[in-house]
S.K.: 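Let me begin by handing over the structure; questions about it come next.
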Amino acid sequence: MEDSHGRNINYLRVSLTDRCNLRCMYCMPEGKCNQNYVSSKMSIEEIDLIIRIFAEYGVEKVRFTGGEPLIVKDISKIIYNASQVKGIKDISLTTNGIFLKDKIDELKKAGLNRVNVSMDTLKEDKYERITGRSYLKKVKEGIEVCLDKGITPVKINVVLMKGINLDEVDEFIKIAEKMPIDVRFIELMPIGAGTELFKNHFIPYKDIVESHHNLIPEDHRVSSTAELYKSSKGKGRIGFISPLSCNFCSECNRVRLTAEGGIKSCLHGEEEINILSDVRDLLKKYNLSYCDLRESREYSILKKKILGAMYNKPLGHRLSMEGKSRSNKQMFQIGG
Ligand code: SAM
Ligand code: SF4
C-alpha cells in the first residue's frame, strides 16, 4: 500500500526475539546491557496472524531478524507459515550465522529464500573482541554451506568501525570478487550501545569509496537501502548502508515489528504502536476459528491500527542532524 508520502510499503521486518548468543560491542555489549528485557512473547499463531494482515495491505517480503532469530525454537515453522501466506513472495533472514550450518536444510525446506549473515571481521581474535564470543569458524562454515545449498544471494553484513575493523575492507572486497557474495558495509549507527562508540569509531562510507578506485557504481535501485558497487573483478557486489551519510528515507519501503509486538514504521523514530495484546485477545476469543475472527469488530479495529501505522510512516529520521536515534528501542529489540 501507499503511505501518506506516496511510498509503496511492501516489506516487513520481524524481530522474533530480543535475546542473542553474541554480545556485539555496538549492540548488546557484555555487562553493559540491561538483561531485564522481556524476551519476545509472540507465539507462532500471533506472528502468523500479524503477517497475514500485513500481506492483505500489500506486504510481499518478510525478513526475520532479532536478537538472534536462529535461537528461536520454532523458526522453521514460522518461516513455513509465512511462505503459505497469499501475497508473500520473498522470505529472508538476518542472522549472526552461528547456527546456519545446522539449520539451513530445514530453513530452506520451510521456504527461506535469502540470508544475510553478520560477520564484522575475518580474524578470530578480533571476532572475540567485537562479539565477546569465539564462534567465527562456525559463522564461516555457515556461509559456505549456504553457498553450497544454492541460497542466492548470500549477503555478508559488516559494521565498519574505525580503529577496529577498517583495516579489513580490502579482504572483504576480495570475498565479493571471488565468490557470489554481496558484502554490505554498514555505517555504525548512534543507537543503543552504538551511541557510545559512535564518536571514536564512525567512518563515513564515502571515505571507503574514495580510497577504492576499483569500485564501480551500479545503478541505484529504488527502495534499496544500499549504494551498490561492483569491483572490476567481482562476482558479488559491494554495498554501503549509510543511514547517516546518505539517507534513503524518501524511498524506504519497510515497516518493522519488534520482538514485543510493536509496529515501528521508522527504525530511528520514536513512534511505536503495540498490537500484541489486541492480537492475543482475538486469538483467545475465537480460539483459532479464523472465519469468525475475520468477521469480528475487534479484527477490523486491529486492521485499522496496522493500516494507520503503515500509512502514517514518518517521512524520515533525523540521525545526522541530531547525532542520535530517537528510537526508544535498541537494535536487538527492533532487528536492525
Ligand atoms: N543477530 C542478527 C545479526 O546480527 O545479524 C540479527 C539482528 S542484528 C540487530 C541486525 C543487524 O543490525 C546486524 O547486521 C548488526 O550488525 C546491525 N547492528 C546492530 N547494532 C548496530 C549499530 N549500532 N549500528 C549499525 N548496525 C548495527
Ligand atoms: Fe546479537 Fe545481532 Fe546484536 Fe550481535 S548484532 S548482539 S548478533 S543481535
Side-chain angles (χ1 to χ4, degrees), residues 13-35 37 39-40 63-72 75 92-100 103 114-121 126-136 138-139 142-143 146 154-162 164-165 172 182-205 225-226 239-245 247 254 256-259 264 267-268 317 319-320 323-325 327 329-336:
R13 296 174 63 108
V14 182
S15 173
L16 292 176
T17 176
D18 51 16
R19 298 222 161 144
C20 189
N21 44 357
L22 290 184
R23 287 290 175 270
C24 298
M25 59 200 298
Y26 48 74
C27 179
M28 215 184 206
E30 192 91 73
K32 286 198 191 157
C33 208
N34 182 350
Q35 298 297 303
Y37 291 107
S39 184
S40 167
R63 175 173 296 275
F64 293 107
T65 169
E68 175 46 39
L70 293 187
I71 63 171
V72 173
I75 179 73
S92 56
L93 188 72
T94 299
T95 169
N96 60 32
I98 296 168
F99 291 131
L100 257 184
K103 298 204 172 181
R114 296 183 297 123
V115 183
N116 288 16
V117 184
S118 300
M119 183 172 71
D120 298 330
T121 173
K126 209 187 283 180
Y127 187 85
E128 199 170 333
R129 180 178 166 208
I130 295 173
T131 70
R133 304 286 185 272
S134 47
Y135 290 129
L136 183 61
K138 290 194 85 167
V139 180
I143 293 170
C146 285
V154 173
K155 295 183 183 172
I156 298 179
N157 287 351
V158 184
V159 177
L160 268 189
M161 291 170 283
K162 201 162 43 178
I164 296 179
N165 60 355
F172 276 109
D182 286 2
V183 172
R184 292 143 39 105
F185 295 116
I186 303 177
E187 281 183 350
L188 180 65
M189 295 178 223
I191 177 170
T195 314
E196 219 177 287
L197 297 177
F198 188 76
K199 193 166 157 252
N200 292 329
H201 301 288
F202 173 75
I203 174 92
Y205 98 95
T225 46
F240 292 90
I241 299 178
S242 44
L244 279 118
S245 305
N247 108 30
R254 51 205 68 188
R256 293 169 164 87
L257 183 67
T258 70
K264 271 186 84 71
L267 170 61
H268 294 294
H317 60 67
L319 260 194
S320 50
K324 65 177 175 33
S325 178
S327 172
K329 291 268 155 55
Q330 308 210 31
M331 282 295 251
F332 59 87
Q333 297 169 297
I334 310 169

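In what follows, every heavy atom counts, from backbone to side chain, and hydrogens, waters and symmetry copies are set aside. When a ligand or atom number is given, it counts from 1 through the structure's own listing order.
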S.K.: V115 and side chain to side chain contact (heavy atoms under 4.5 Å, CB included): which partner among T94, L100, I156?
M.R.: L100
S.K.: Listing residue and atom name, which protein N/O/S atoms are closer to atom 3 (Fe) of ligand 2 than 2.8 Å?
M.R.: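 Correct list: C27 SG.
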S.K.: May I ask you to decide if Y205's main-chain N or O and E187's side chain share a donor-acceptor pair within less than 3.5 Å?
M.R.: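 Side chain of E187 to backbone of Y205, a donor-acceptor pair under 3.5 Å: yes, one is there.
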S.K.: Going by the atom numbers of ligand 1, which of them fall below 4.0 Å from some non-hydrogen atom of N96?
M.R.: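 That gives atoms 2 (C), 3 (C), 5 (O) of ligand 1.
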S.K.: Could you tell me whether the side chain of R63 and the main chain of L93 form a donor-acceptor pair under 3.5 Å?
M.R.: yes
S.K.: Please check this pair: side chain of E196 against backbone of A193, looking for a donor-acceptor N/O pair closer than 3.5 Å.
M.R.: no
S.K.: Is the shortest distance from a heavy atom of Q330 to ligand 1 less than 4.0 Å?
M.R.: no
S.K.: Considering non-hydrogen atoms of the protein only, which is the closest contact for atom 10 (C) of ligand 1, and what is the distance?
M.R.: G335 O, 3.5 Å
S.K.: Please write down residue, atom name and distance for the protein heavy atom closest to atom 5 (O) of ligand 1.
M.R.: S118 OG, 2.6 Å
S.K.: Measure from the side-chain N and O atoms of T121 to the backbone N and O of Y127, and report whether any donor-acceptor pair falls under 3.5 Å.
M.R.: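 Between the backbone of Y127 and the side chain of T121 there is no qualifying donor-acceptor contact (under 3.5 Å).
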S.K.: Should we say atom OH of Y135 is surrounded by more than 12 heavy atoms from elsewhere, each under 6.0 Å from it?
M.R.: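 12 or below, so no.
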S.K.: Considering only protein heavy atoms, which is closest to atom 21 (C) of ligand 1, and at what distance to one decimal place?
M.R.: Y26 CD1, 3.5 Å
S.K.: Would you tell me which option among G67, P69, C27 has the nearest heavy-atom contact to atom 1 (N) of ligand 1?
M.R.: G67
S.K.: Counting each atom of ligand 1 from 1 as listed, which ones have a heavy atom of E187 under 4.0 Å away?
M.R.: 25 (C)
S.K.: Using a 6.0 Å cut-off, check whether atom NZ of K324 has over 12 heavy atoms from anything other than its own residue.
M.R.: no
S.K.: Just let me know how T94 lines up against ligand 1, side chain, backbone, both or neither, with a heavy-atom cut-off below 4.0 Å.
M.R.: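 For T94, backbone and side-chain atoms both sit under 4.0 Å from ligand 1.
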S.K.: Does the residue S15 have a heavy-atom contact with ligand 1, meaning some pair of atoms that are separated by less than 4.0 Å?
M.R.: no
S.K.: Report, in ascending order of atom number, the atoms of ligand 1 lying under 4.0 Å from any heavy atom of T65.
M.R.: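 Ligand 1 atoms under the 4.0 Å threshold to T65: 6 (C), 7 (C).
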S.K.: Using a 4.0 Å heavy-atom threshold (strictly under), name the region of T95 that reaches ligand 1: side chain, backbone, both or neither.
M.R.: backbone
S.K.: How are the rings of F172 and F185 set relative to one another: parallel (under 30°), tilted (30 to 60°) or perpendicular (over 60°)?
M.R.: perpendicular
S.K.: Could you list which atoms of ligand 1 come closer than 4.0 Å to a heavy atom of V159?
M.R.: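 Under 4.0 Å from V159, ligand 1 has these atoms: 16 (O), 26 (N).
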S.K.: Numbering the atoms of ligand 1 from 1, which are under 4.0 Å from a heavy atom of E68?
M.R.: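 Heavy-atom distances to E68 below 4.0 Å select 1 (N), 2 (C).
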S.K.: Would you say H268 and M189 make side-chain contact, with heavy atoms under 4.5 Å?
M.R.: yes
S.K.: Could you state the interatomic distance from OG (S15) to CD (E68), rounded to the nearest 0.5 Å?
M.R.: 10.5 Å
S.K.: Nearest protein heavy-atom contact for atom 27 (C) of ligand 1: which residue, which atom, what distance?
M.R.: M331 CE, 3.6 Å
S.K.: When you measure from the side chain of R13 to the backbone N and O of G336, does any donor-acceptor pair fall under 3.5 Å?
M.R.: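 Side chain of R13 to backbone of G336, a donor-acceptor pair under 3.5 Å: yes, one is there.
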S.K.: Please report the shortest heavy-atom distance between D120 and N157, naming the atom on each side.
M.R.: OD1-O, 3.7 Å
S.K.: Do ligand 1 and M189 have nitrogen or oxygen atoms that lie under 3.5 Å from each other?
M.R.: yes
S.K.: Within the side chain of K103, is there an N or O that forms a donor-acceptor pair under 3.5 Å with the backbone of L70?
M.R.: yes
